[in-house]
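Inspection log for the structure reproduced underneath, given as structure tokens.
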Amino acid sequence: MNTLATVLLSALPLAAGWAVHVWWLRGCLNTARCDPLTGLRTRDGFTRRATALLKDPRAVVVLADVDKFKHINDTYGHAAGDALLKATADRLAHHVGRSGVAGRLGGDEFAAVLLDDHGTAADLLAVLHSVLARPVDGQDPAVRTTVSLGWVRAADFPGDDLSGLLRRADEAMYAAKQARTGTRRAGLGWLFATVTGRRAGRSGARTDAPAVGVAA
């Protein structure tokens, strides 16, 4: 056996061990980017995929917040609350589809970026709002609530990055929650003052009011 063959054979165990290590590290990274309760991407994983999707002019950014979630937890227990969050995540991911991405930002707040092929995002999200309000399969029918949705077309604000678009969607979502309209689209116009583009009480703050539309 020549020297080269000997060297290659001796390197095989090292190469195999390194491949296994890389595979393990990749699995750990994927796990860290996946919410253990809902299976959706965590904030980091969502941000990476969503940022890439925003390069598409069809991109629509959605923020979703479960209404009266604390009441569900307090009345029916945390297991019921977890089942509601899991159902919300599954339904959101289904409607976003494989071309988009959905993530759990924390607690009962979810975000998504979807590609609106036909300019029908408003209709799609109206349907989604109805779907999210359905009772949870296998749970007491009383374990149900609505989900307020705020959304924005990325093309309407070409100067905004994902963070800026999420702030606009957050404002629209809060307006929908306050008005009990279910969904609200961010657009041009003034609605109410905020703190750094996040509504009062949110982290991060500025005193000017961002553009938030009044159209549903």
Side-chain angles (χ1 to χ4, degrees), residues 30-47 49-50 60-116 120-152 166-186 192 198-203 215-216:
N30 289 337
T31 299
R33 292 177 180 169
C34 182
D35 177 53
L37 173 63
T38 65
L40 295 184
R41 297 178 188 233
T42 58
R43 184 182 292 271
D44 180 59
F46 170 77
T47 297
R49 176 61 178 152
V60 170
V61 177
V62 182
L63 198 72
D65 190 82
V66 179
D67 299 324
K68 300 179 180 178
F69 180 67
K70 185 177 184 301
H71 172 75
I72 295 293
N73 268 342
D74 291 346
T75 304
Y76 302 101
H78 289 282
D82 287 351
L84 178 61
L85 292 178
K86 182 66 168 62
T88 298
D90 290 345
R91 293 164 181 175
L92 178 62
H94 176 76
H95 275 72
V96 168
R98 292 180 177 274
S99 62
V101 63
R104 184 186 180 195
L105 300 187
D108 59 338
E109 187 176 65
F110 300 85
V113 175
L114 58 89
L115 300 183
D116 184 15
T120 57
D123 294 333
L124 174 66
L125 293 174
V127 172
L128 175 60
H129 179 260
S130 297
V131 170
L132 294 177
R134 294 175 183 170
V136 178
D137 293 340
Q139 296 290 317
D140 184 333
V143 182
R144 59 188 299 178
T145 185
T146 54
V147 176
S148 296
L149 303 171
W151 63 282
V152 57
L166 283 173
R167 285 195 295 268
R168 295 185 188 277
D170 179 65
E171 290 292 339
M173 182 275 295
Y174 185 65
K177 188 182 291 286
Q178 293 294 94
R180 299 181 181 180
T181 57
T183 66
R184 184 67 64 100
R185 176 183 177 180
F192 46 80
R198 296 285 274 177
R199 63 181 183 272
R202 294 287 203 178
S203 58

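Here, residue 1 is the first one in the sequence, and each next residue gets the next number.
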Side chains of [X] and [Y] in contact at under 4.5 Å (non-hydrogen atoms):
X: I72; Y: K68; answer: no
X: V96; Y: V62; answer: no
X: D170; Y: M173; answer: yes
X: L124; Y: D116; answer: no
X: L84; Y: D108; answer: no

Can a side-chain donor-acceptor contact be found between S148 and D65 if the only test is distance below 3.5 angstrom?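 No, no side-chain donor-acceptor contact under 3.5 Å.
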
Polar contact flag, side-chain donor to acceptor under 3.5 angstrom, T38-D35: yes

Could you pull out the closest heavy-atom pair between [X] and [Y], with the gap in Å?
X: C34; Y: G39; result: SG-O, 3.5 Å
X: R104; Y: L85; result: NH2-CD1, 3.5 Å
X: A133; Y: T146; result: CB-CG2, 4.2 Å
X: V61; Y: V113; result: CG2-CG2, 4.1 Å
X: A111; Y: L166; result: CB-CD2, 4.1 Å
X: V66; Y: K177; result: O-NZ, 4.0 Å

T145 (side chain) donor-acceptor with D67 (main chain) under 3.5 angstrom: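 Between the backbone of D67 and the side chain of T145 there is a qualifying donor-acceptor contact (under 3.5 Å).
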
Can any side-chain N or O of R91 pair as donor or acceptor with the backbone N or O of R134 at less than 3.5 Å? yes

To the nearest 0.5 Å, what is the distance between [atom1] ([X]) and [atom2] ([Y])?
X: H94; Y: L92; atom1: NE2; atom2: CG; result: 11.0 Å
X: R43; Y: E109; atom1: CZ; atom2: CD; result: 7.0 Å
X: L128; Y: D123; atom1: CG; atom2: CG; result: 12.5 Å
X: L63; Y: W151; atom1: CG; atom2: CH2; result: 14.0 Å
X: Y76; Y: R144; atom1: OH; atom2: CZ; result: 10.5 Å
X: L105; Y: T42; atom1: CG; atom2: OG1; result: 9.5 Å

I'd like to know whether H95 forms a side chain to side chain contact (heavy atoms under 4.5 Å, CB included) with V127, so could you lay out the CA-CA distance, the side-chain angles of the two residues, the decisive distance to 0.1 Å, and finally the verdict. CA-CA 9 Å; H95 275 72; V127 172; 4.1 Å; yes

Salt bridge flag under 4.0 Å for residues K86 and D82: no

